[in-house]
Structures are given as C-alpha cells and as structure tokens.
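Input: a single structure, listed below in structure tokens.
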Amino acid sequence: RPELSPPPSPVGWGPAAGNPAAASEDPGAQGAMAAAALGSRGSVLPGSPEFTRSRIVCSSDSSIGSRRGSSGSAGARRPLPPWLGWALALCILAYIVWDKAGRAPLSTASSTSATPSATPTPSPALLTDPLSDYVGRRASEAAAAAASTSASAAMTADDSHTAEEHSYDHEAIFFLVLAIIIGTILLHLTFLKVFKSLQQTVVLFLLGCVCSWLLQGLGWRDSFGAVGRSYTMWMGIDPHLLLFTLLPPLLAGDAMSIDTHLAKRVATQCLYLAGPGVVINTALTAAFLYYYLPYDWPLMLCLTLGAILSATDPVAVVALLKDLGASPTLTVQIQGESLLNDGTSIVIFLITYNMLKGEEYTAGDVVIFLVQTAVYAWLLGGLVGLLFFWWIKAAKNKLDHNSGLIQVALTVVCAYTSFALAEGIFHVSGVLSTVAASLVLAHQMWPEVVSHETMHTMWHMFEYLGNTIIFFLAGALTGNIMVHTPLMDYLHLLSIYAACVLLRMGLLLCSRPILRWLHPEKQPVSVPEALVMTWGGLRGAVGLAMAIQVSMDRAGDELTQADADRVLFYVGGVALLTLALNATTCPALVSALGVAKTPAVKLKLMRMLHKQLFEKVVEKGVINGSTPEKERMSDACAAVSVMLKDVGRRLEGKATCGRGG
C-alpha cells in the first residue's frame, strides 16, 4: 500500500538503491522499492528455507550498510566503555546515600517551612500617635520573636521525636552490614602469611570497642548520620531477640561437627563436668565475687555473674587442637563439655536471675526446675531431631540438584524449631533442646546427606556470621560502658580473670580421679591434659548474650544501671582476655606439655607395621629378571623402600617432637 510509509530499505534493495535519499523522500519510490524487493524474492512462502535465507541475507546486508555508513561518516564517535556508566551510577548512588544520611526527612522539613509564624497584629489605636506607634511596633517585634522562638523549639522537639521513633527504623541495617564487612575483611587478611594466626573474634571485639569510643566517647555519633543512628538502635537491642536469633546456629554448628562415636566414650565425663562441675564452679566464683568486690552486691547477683562466667566456648582451641594433631579424646572432651555446660549455666542463670528479680524458690523448687528444664529439653530436642532426620532422609535424591538445598534448609529449621519450641512454648532450656536435636542429626544424618561439602560450607557461613555479629556487638556494648568505667574496675577485671582460671584449674585437677572412674576403659586424665582443658576454657557468645540481657533488663529495675553495666563489663573483659591471651598462647602450651605427641601404644603399632612393610618390599625387590614387568616391579619396590625409610625416620621423631609429619 503506497499510502503507508514502510521503514527505510536496506542498501542493495530495489532500483532506488543508488539514491537512498531520494527514495526516502518520495513515498511512491518507497513503495516501488518495497515491491521490487518482494519481486526479487519471488514467490517464496513464509517458513520455507529460501524465505529464511533471504531474511538472513537482508539483515546482514542492512547491518553491513549501517556499519559502512557509520564508519564512513566524518567525526564518528566511538561507543563509551560500559564500566564508565556503572562508575557514574555508583558515584550518584554514593552521593545520594551520603546526602540523605545526615539530612532530616523531607516531610519534616516541608512541614516546618509550611508552618507560618504567628505574628500578632497591632491594634488600630496604636497607629494614631507616633510615640504609641513606635512603642506598639517594638512590642509587636518582641512578641513575634518570642513566638517564632517557641514555635521553632517545638518543631525541633517534634522533629527529633519523630526521627527517633518513626523515621529511621530501616537504618538499623547499617550497623549489621558494617559488622559483616569488617569480619569479611579480617577473614580475607588471613590469606597473608603475616596474619595467618589472626584471632578474628579478638580483633572484632576490639574494633567494636573502638567504634563505641569514636561514636560515643568522642561524640561523633551525630556526624556519621545514619550510621550513628543505627549504632544507637543496636545499643538498645532486645536481648531475647539476640538469643533467639544468634544462639541456635552457633550451638547447632558446634554440635553437628562433633564425633559422636568418641562422644559416647567420654559422655559420662562430659556430663560430670557440665553438671556438677558447673554448679561447683558457679558457687566458687560467686563466693569470690561476694567477698572480693567492694560494691555490696547481693548474693544472687554474684551467683548470676558466676553462672555467666561458667559458660565456655572453646571453638578456636578445638580447631587448634585438631590442627596440632592432639588426642581426639581430649578434643571431644573439651568440645562436649562446652556444648553441655552452656545449657547448665543458662539454667542456673535463669534461677538466680529470677530470684534476683524477687521470685522465691525453695530447695525442692530448684531441684524440680533443674530436672524439668534439663530432662524435658533433652526429650523435646531428641524428638525434633528425629522428625527432621526422617525428613532429611526422605529428601535424599542425588539426581535432583535441589536435594542438597532442601537438606541444608532442614538442618537450619531444625535448630531454630527446637530452640523456639523449648523457650517459647514449653519454657524449658532452649540450649539443651538445640544441642540434643543437633546431636541426633550428627549421629544419623551424615550418611543421608547428598553433598557434604555444601552442608559444611553453609554451616561454616552461619557460624561465621553469628560470631561476627555477636562479638562486634559485644565489643561495641562493652566499649560504650568502658567510656564511663572507673580505673578500679579494670583492676577488678584482672583479678576476676585470674580467679576464673585458677578455680577452673583446681576443679579439673581435683576431679581427675572421678574422671578416670567415669571412663569406660578407666583411662586417666593426665595433668598436661587437665592444664590444656583449663587454658582452653574460653568465654564467648553464650556468656556475652546473657550479660547483654542483664545490662538491658536490669533484673526488672532491681539493679542500678551502674551494677548492670559492671556485669557486662566484667563478662566482656574476661571474654576478651581469654581470647587474647589463652587462645593465642595455647599452641605454645600444647607443644611445651607434649599433649600432641603420639601415644606410646599407637607409636609401637605403627613401627611394627612399618617394619613388616619394609621387609615385604625388600623381599619383592630382590627378584631380578629379564622381563619388563619384573624390572618395573624392582624399580617400584626400590622407590617404596626409600619412602618407608623416610617414614621410619619420622616415626622416630614423633617420640621427641609434638607434631609429626
């Protein structure tokens, strides 16, 4: 149809190809060109191979023509590199974020500017006399100034109230992102040899303290805009939210990585250390605090702090012992005691903290509460673990790539479900329930897991995020308190740290006969092993979470803010000292005590096996024949004999060095 203007024809189509400008101006010429193009195709039906080839040729011709035209034109510009647009967009986004960070909401500013100032109008009677006119104008100006001042003060108060309560809830994400970024930078620094032995939790805690000193101590909080407001929100975080959010993945990650076969052998020893051992340690620590501190603390507050300080978190030491080749039994003893004593210390903490609030318990009530909280929590956790194990087993399908994702998600849901049911519905120990459910999965789940690497990677990620957030937050809270902490509390902190280490050492050394009697093979716990268990009793996430709860809640206003802050300061300080001193010096202690040496029985067995292998290789190697197979056998035996000689030298060195090859 000539009345319709078709798109410009490609180069080389129709009779008007030689003058494309004239063809574009004349509609009749355009129609002729289109008809000629159709005629050049002939009677080709759509969908046929000829039709397809003609479309390809036409499109290629048009692209060639367009490229020729662009390259042949004068002053042609090259396309901009794509990264320039992304850089410009990032700069604009950064400017918008920085501009909005320290700026009040637009609604508040508009309401402020739209509110007229109440200026009183002078009376008509004042305008008749010049003196009266002057006096009236001065009075009007003074009244207007006073009215504008009061209005601006009211608007400022209203703006600050609105900004604090309604406008900045979403800005809490800044502190969380800052903590994760700092933790990732520290993790990346461990790639370098200089920072290979960097204790990330120690540095995170210290950086949290530095953050509080800058924002709170130096008064830079308002200068940082949204980051400062986010810091203020996290300083008032609900401790129960912290417990429900961060504790389940930390507990489940430790429990699912334990060797359950070795844990069965040392289960009674771990139960003793995590049960009566924690009770004794709590009582001794509370007695020291009651008679040492000059603050006239009530006994229940001392017991509360003693229960918090009895919870250990030897994650770094357990990983270190595995790397050094220490006895698996010792490693499982430390790890199992840590998992169980967290639950026991939390149960004791709940009892003493409730009594500090004013609730009354008799001796029978305490025993019943302990039994119910512990036994019911174990039963509930075991049931939840079995249910999720059956679900994980049903989701096993190595031909479906979603199977591994489903199994990882089920382990996460199992940890949170066991904790939430125990704490929120049945009011028993969520820590023990989560540990029980995770131990069930650790014992039965791994043969049914589709991708072990995915499972380990995901749970390492959960543990990394939990430890990063809680240690950075605890450092920030402790640093916020340290700004106003007197010097004497720092001296008391050193005394409390030394007392905790000495009391734990005395308990373990005195419990050696009991631990030997509880072992199924009557294997004793040596003095070096007891010292390593003492030095490896670090304080970590569980104790910090309980201390944050005391600092925020103040026992239902039964404690002063100064005493509540001292509890968090002492717990955070002891955690920092154990991480900075104990964790960093543990390798030297293990090497000095010879804990990583191979046992004598195992070393003797390895020597016998080495001798038999060497004799067999020598026997096969003396066969000399002319066939190529026998020559290759002789060469292989010679190479293996050299390797076995090297192994023999290393076995001899295991008796004197702590870490063999």
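The heavy-atom pair separating I406 from A395 by the smallest distance is CG2-CB, 3.8 Å. Heavy atoms only, all atoms of each residue included: T578 and G537 are closest at CG2-O, 4.5 Å. A pairwise comparison of heavy atoms in V501 and T534 identifies O-CG2, 3.6 Å as the closest pair. Taking both residues in full, the closest heavy atoms of M445 and I392 are given as SD-CD1, 3.9 Å, listed atom of the first, atom of the second, then distance. Contact between V542 and A311 at its shortest, heavy atoms only, is CG1-CB, 4.4 Å.
With hydrogens and angles ignored, the 3.5 Å screen pairs no side-chain donor or acceptor of T373 with any backbone N or O of L370. In terms of modelled atom types and a separation under 3.5 Å, the side chain of K396 and the main chain of E448 share no donor-acceptor contact. In this structure, S433 contributes its side chain and S418 its backbone to a donor-acceptor pair below 3.5 Å. Side-chain atoms of S338 never come within 3.5 Å of backbone atoms of Q335 as a donor-acceptor pair (strictly under, hydrogens ignored).
In terms of the side chain to side chain donor-acceptor pair (under 3.5 Å) criterion, residue partners of S310 (sequence neighbours excluded) are, by chain and number, T282. With sequence neighbours excluded, the residues forming a side chain to side chain donor-acceptor pair (under 3.5 Å) with Y497 are N582, listed by chain and number. Residues meeting the side chain to side chain donor-acceptor pair (under 3.5 Å) test with Y272, sequence neighbours left out: S511. Checked against side chain to side chain donor-acceptor pair (under 3.5 Å), T584 has no partners two or more places apart in sequence or in another chain.
Atom CG in L207 sits 5.5 Å away from atom CD1 in I182 (nearest 0.5 Å). Atom CZ in F569 sits 9.0 Å away from atom CD1 in I481 (nearest 0.5 Å). In this structure, the separation between CG on N480 and CG on L568 is 9.5 Å, given to the nearest 0.5 Å.
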- request: Apply the test side chain to side chain contact (heavy atoms under 4.5 Å, CB included) to residues L579 and F205: give CA-CA distance (whole Å), side-chain angles for both, the deciding distance (0.1 Å), then the verdict.
  value: CA-CA 10 Å; L579 290 170; F205 193 93; 5.7 Å; no

message: Please evaluate residues F472 and F175 with respect to the criterion ring-ring contact (aromatic ring centres under 6.0 Å, His included), reporting the C-alpha separation (whole Å), side-chain torsions for both, the decisive distance (0.1 Å), and the verdict.
response: CA-CA 10 Å; F472 189 76; F175 187 86; 5.3 Å; yes

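Residues K264 and H443 meet the side-chain proximity criterion, which asks for heavy atoms closer than 4.5 Å. Inter-residue side-chain proximity for L189 and Q200 is flagged as unmet; no heavy-atom pair is nearer than 4.5 Å. Side chains of M533 and L273 form a contact here, defined as non-hydrogen atoms less than 4.5 Å apart. Residues H519 and V525 form no side-chain contact, since every pair of their non-hydrogen atoms from C-beta on lies 4.5 Å or further apart. Taking 4.5 Å as the limit, every side-chain heavy atom of I308 sits out of range of all side-chain heavy atoms of S345. Side-chain atoms of M455 and T411, non-hydrogen and from C-beta on, do get closer than 4.5 Å to each other. Within the 4.5 Å cutoff, side-chain heavy atoms of D553 are placed close to those of Y353. Within the 4.5 Å cutoff, the side chain of I346 has heavy atoms near those of the M546 side chain.
With hydrogens and angles left out, the side-chain atoms of Y376 and S429 include no donor and acceptor closer than 3.5 Å. Counting only N and O atoms by type, the side chains of S257 and W459 include no donor and acceptor under 3.5 Å apart.
Atom NZ of K398 has 12 or fewer neighbouring heavy atoms from other residues, nucleotides or ligands inside a 6.0 Å radius. The neighbour count for H188 NE2, taken as heavy atoms of other residues, nucleotides or ligands under 6.0 Å away, does not exceed 12. Open room surrounds CH2 on W517; 12 or fewer heavy atoms of other groups in view lie less than 6.0 Å from it.
Applying the salt bridge (charged side-chain N to carboxylate O under 4.0 Å, His left out) rule to pairs touching residues 407-418 yields nothing, sequence neighbours excluded. Residue pairs satisfying the side-chain hydrogen bond (donor to acceptor under 3.5 Å, both in side chains) criterion with at least one member in residues 399-409, sequence neighbours excluded, are absent.
Centroid-to-centroid, the aromatic rings of F244 and F419 come within less than 6.0 Å.
Under a 4.0 Å N-O distance rule, the pair E337/R504 qualifies as a salt bridge.
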